[in-house]
Amino acid sequence: MYYSKLFIPTLKQSPTDAEVVSHKLMVRAGMIRQMAAGIYSILPLGLRVQRKVEQIIREEMDRIGGQEVFLPSVQPAELWQESGRWELYGKELLRMKDRHDREFCYGPTHEEVITDIIRREIKSYRQLPLLTYQIQTKFRDEVRPRFGIMRGREFMMKDAYSFHADETSVQVMYENMKQAYSNIFRRCGLDFKMVEADSGTIGGSFSHEFMVLADSGEDAVAFCDTCDYASNVEKAAARVPEKIAPPKEMEELNKIPTPGQKSVEAVAKFLKVSPQQIVKTLIMENEDGLVAGLVRGDRQINPIKLKNLIGCDWLHSADEALIFSKTKIPCGFIGPVALDMKIYVDHEVAGMHNFVTGANNKDAHYTGVQFSRDIKAAQVGDLHEVQEGDPCPKCDGGHYQVKRGIEVGHIFILGTKYSSSMKAHFLDEHGKENSMIMGCYGIGVGRTAAAAVEQNHDDKGIIWPVPLAPFQVVVIPVKFEEDSQRTACEETYKILGDLGIETLLDDRPERLGVKFKDSELLGIPLQIIIGPKNLENGQIEIKSRKTGASELIDFPAGLQDIPNRLKSA
RNA sequence: CGGGGCGUGGCGCAGCCUGGCUAGCGCACCUGCUUUGGGAGCAGGGGGUCGGAGGUUCAAAUCCUCUCGCCCCGACCA
């Protein structure tokens, strides 16, 4: 393509509302423009990159037997009511009515739609398994869209759905999918990790996320420094503590005045004990009212673990006013002793003795609290969030490391969650009716591109991994107006085209510096610079975006080597 | 949804507190001349009515009220 014909509106300065590098650089490179909060237009250069990601995804999906479909983005409410998600999905579901006042939503995901199609058409185990996928725009009315294309409300997603007659089959698919996803992200040139994950509102029994490691990531990934266990921190298991022998002296419960000492740090300092000797009581709210979670004073409670332990639909921390109105206890002094609600206890706390808790009175704490004697636990389980340095739950001697990650892919085994509520049944080889077993598998397409920028940039701009680059080579004439250079450029362009290389020819009447700056901003892996002096010697210059290294090659013979050079660019 | 911040040509900003001439600057854009291996120089030029509505005032970008939008920090998600 000729640069002068392309719509690539580059910017010298990044817009003030862009926070993360990928957002800044993608706007500056003229790839995207914002329309509204979390809603972006993809401009030609951005689309070229998006198509690259899509193509890689298609190839890997097809390789494991996926069949591409294209499902409606506007979906009737009835389907969602059937699965129960019309209510459950909440405000994130963009709802609308047509002229007949019938309710619809803009699809945030497509389990309902695909399940509906499959249940109508698939009746026999002979037709299973089946894997479908699509690449399509989704809309989720996020509470807080941010970071440009990384977390938009409207975004491009690859979503795949599989249907199976039995558990073994879905597990085979799941393993294939792990491999396919790994291939995809590896081919995109990303440094990623596959981690265990919570399945969230999509539901289901088993799931993994694919995380691109980057400081700007919104998730935290915990992984063992010794074995290969890796998990989203929201799911990462804590090692079950060794049984601690009870101390010789079991102290009695003792109420001590602690005026104004509300935080763990304050209480620890005031009573001259370590935070590890204090037990925090966190009050949470769910559909049944208030519940309490107990973790050691130096720990953070993990609400997802608590939610999963209880098995409730939703759970979040209760606000102070609500707690006070129900319990008449001010925050900071709540404790588990004789507390009138269900109490869930972290297994670390269950092994503790002689600890400190709130006394359920303003300005007072208990010391000498004993778990077995003083606390009526509804259940004991793994409730605290793991931290860097914590022991690995899967191997001896390993310790957790924690890093930030961008979730670019997420795969789930759904089981029969949707097939049973929506009656997607089939007849097995004994003529017996069963619910299909399902899996679903998503990739954020735009997010993958953004993540690639997060991982591959410098102060000059983007450094695209070759497979995602909008063009692999940019030809930069020192002065395009001069006949000899123009001819050489055009010849180069043609030769590279014949070699199957996507080439951008910067034919603009700009000064050389401008062309360099733009090509660096755009992140094109290889520059070919054609200038008068080198040309007189029958040479042209090639320069790597990543390393900045440049060398002279013979013109035109040296061009035949470009495909090779791109492999290592 | 709670907390904070910001809306002034395409982009980045100043002006606002202490109302007052044709609303200013850098970049970008147009024209001309000079320049030309790293975002050129000079000269000339076009474009905004200050997010919107209402109010106070002789006078509002500036003060007041309401409203809309966007961004950032927290709970959700590809």
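Nothing here was measured: the structure is a model prediction, and the numbers come from that model. Below, chains carry the letters A, B, ... as their sequence lines are ordered, and counting in each starts from 1.
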Chemist: To the side chain of A/Q13, which of B/C77, B/C11, B/G39 is closest?
Modeler: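 The answer is B/C11.
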
Chemist: Is atom CD of A/Q300 surrounded by more than 12 heavy atoms (other residues, nucleotides or ligands) closer than 6.0 Å?
Modeler: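 Not buried by this count: 12 neighbours or fewer within 6.0 Å.
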
Chemist: So which nucleotide from B/A75, B/C77, B/G39 ends up closest to the side chain of A/R144?
Modeler: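 My answer, after comparing the listed nucleotides, is B/A75.
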
Chemist: Please check the phosphate of B/G12 (OP1 and OP2 only) for any side-chain N or O of A/R28 closer than 4.0 Å.
Modeler: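 Checking B/G12 against A/R28, no side-chain N or O comes under 4.0 Å of OP1 or OP2.
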
Chemist: For the side chain of A/V143, starting at C-beta, report the closest nucleotide among B/C77, B/C1, B/C11.
Modeler: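 Nearest to the side-chain atoms of A/V143, counting from C-beta on, is B/C1.
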
Chemist: Is the phosphate of B/C71, meaning OP1 or OP2, less than 4.0 Å from a side-chain N or O of A/Q34?
Modeler: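 Yes, because at least one side-chain N or O of A/Q34 sits under 4.0 Å from OP1 or OP2 of B/C71.
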
Chemist: Under 5.5 Å between ring centres and under 30° between planes: does that hold for A/F155 against the base of B/A78?
Modeler: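 Stacked: centres under 5.5 Å apart, planes under 30°.
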
Chemist: If the cut-off is 4.0 Å, is A/K12 near the phosphate of B/A28, judged by side-chain N/O to OP1 or OP2?
Modeler: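 So the side-chain polar atoms of A/K12 do come within 4.0 Å of the phosphate oxygens OP1 or OP2 of B/A28, strictly under.
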
Chemist: Below 3.5 Å, does any donor atom in the side chain of A/Q485 face an acceptor in the base of B/G37, or the other way round?
Modeler: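 Per atom types, no contact qualifies.
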
Chemist: Hey, is the side chain of A/R146 poking within less than 4.0 Å of OP1 or OP2 on B/C73, counting only N and O atoms?
Modeler: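 True: A/R146 side-chain N/O within range (under 4.0 Å) of B/C73 OP1/OP2.
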
Chemist: Any salt bridge between A/K533 and A/E536, counting N to O under 4.0 Å?
Modeler: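 Salt bridge flag = no for A/E536 with A/K533.
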
Chemist: Categorize A/G444 for me: base, sugar-phosphate, or nothing, with a 4.0 angstrom heavy-atom threshold over every strand shown.
Modeler: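 Since a base atom lies under 4.0 Å of A/G444, the category is base.
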
Chemist: Please determine whether a side-chain nitrogen or oxygen atom of A/H316 lies at a distance below 4.0 Å from atom OP1 or OP2 of B/A75.
Modeler: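 Indeed not, no polar side-chain atom of A/H316 lies that close.
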
Chemist: Which residues pass the ring pair (Phe, Tyr, Trp, His ring centres under 6.0 Å) test with A/H384, sequence neighbours left out?
Modeler: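 None.
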
Chemist: Establish whether the base of B/G37 is bridged to the side chain of A/K543 by a donor-acceptor pair shorter than 3.5 Å.
Modeler: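 No pair found.
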
Chemist: Between B/A78, B/G39, B/C71, which nucleotide has the shortest distance from any of its atoms to the side chain of A/F412?
Modeler: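 So the side chain of A/F412 is nearest to B/A78.
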
Chemist: Round to a whole Å and report the spacing from CG of A/L521 to C1' of B/C11.
Modeler: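 Interatomic distance, CG of A/L521 to C1' of B/C11: 14 Å.
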
Chemist: With respect to the side chain of A/E520, which nucleotide from B/C70, B/C76, B/G38 is positioned closest?
Modeler: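 Output: B/G38.
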
Chemist: Taking only N and O in the side chain of A/R511, is any of them less than 4.0 Å away from OP1 or OP2 of B/A40?
Modeler: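 Yes, A/R511 has a side-chain N/O under 4.0 Å of OP1/OP2 on B/A40.
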
Chemist: I'd like to know if A/D382 pairs up with A/K305 as an ion pair, taking the criterion as any Lys NZ or Arg NE/NH1/NH2 lying under 4.0 Å from an Asp or Glu carboxylate oxygen.
Modeler: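 Salt bridge present between A/D382 and A/K305.
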
Chemist: Any donor-acceptor pair, under 3.5 Å, between the side chain of A/E510 and the base of B/G39, if you only look at N and O atoms?
Modeler: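 Looking at the base of B/G39, it does not pair with any donor or acceptor on the side chain of A/E510 (distance under 3.5 Å).
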
Chemist: Under 4.0 Å, heavy atoms only, any strand: does A/T448 hit a base, just the sugar-phosphate, or nothing?
Modeler: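 Nothing, no nucleic acid heavy atom in range.
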
Chemist: Kindly say whether, by distance alone, the side chain of A/D17 makes a donor-acceptor pair under 3.5 Å with the base of B/C72?
Modeler: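 For A/D17, whose side chain was compared with the base of B/C72, there is no donor-acceptor pair (under 3.5 Å).
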
Chemist: Hey, would you say the A/Y493 and A/Y2 ring centroids sit under 6.0 Å apart?
Modeler: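 That pair passes the under 6.0 Å test.
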
Chemist: Partner of B/C1 by Watson-Crick or G-U wobble geometry, both contacts under 3.5 Å, or none?
Modeler: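 In the structure as shown, B/C1 has B/G74 as its Watson-Crick or wobble partner.
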
Chemist: Check every strand shown and say whether A/T16 touches a base, only sugar-phosphate, or nothing at a heavy-atom separation below 4.0 Å.
Modeler: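 Contact class for A/T16: sugar-phosphate only.
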
Chemist: How are the rings of A/Y441 and A/Y174 set to each other: parallel, tilted or perpendicular (split at 30° and 60°)?
Modeler: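 Tilted, since the angle between the ring planes falls between 30° and 60°.
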
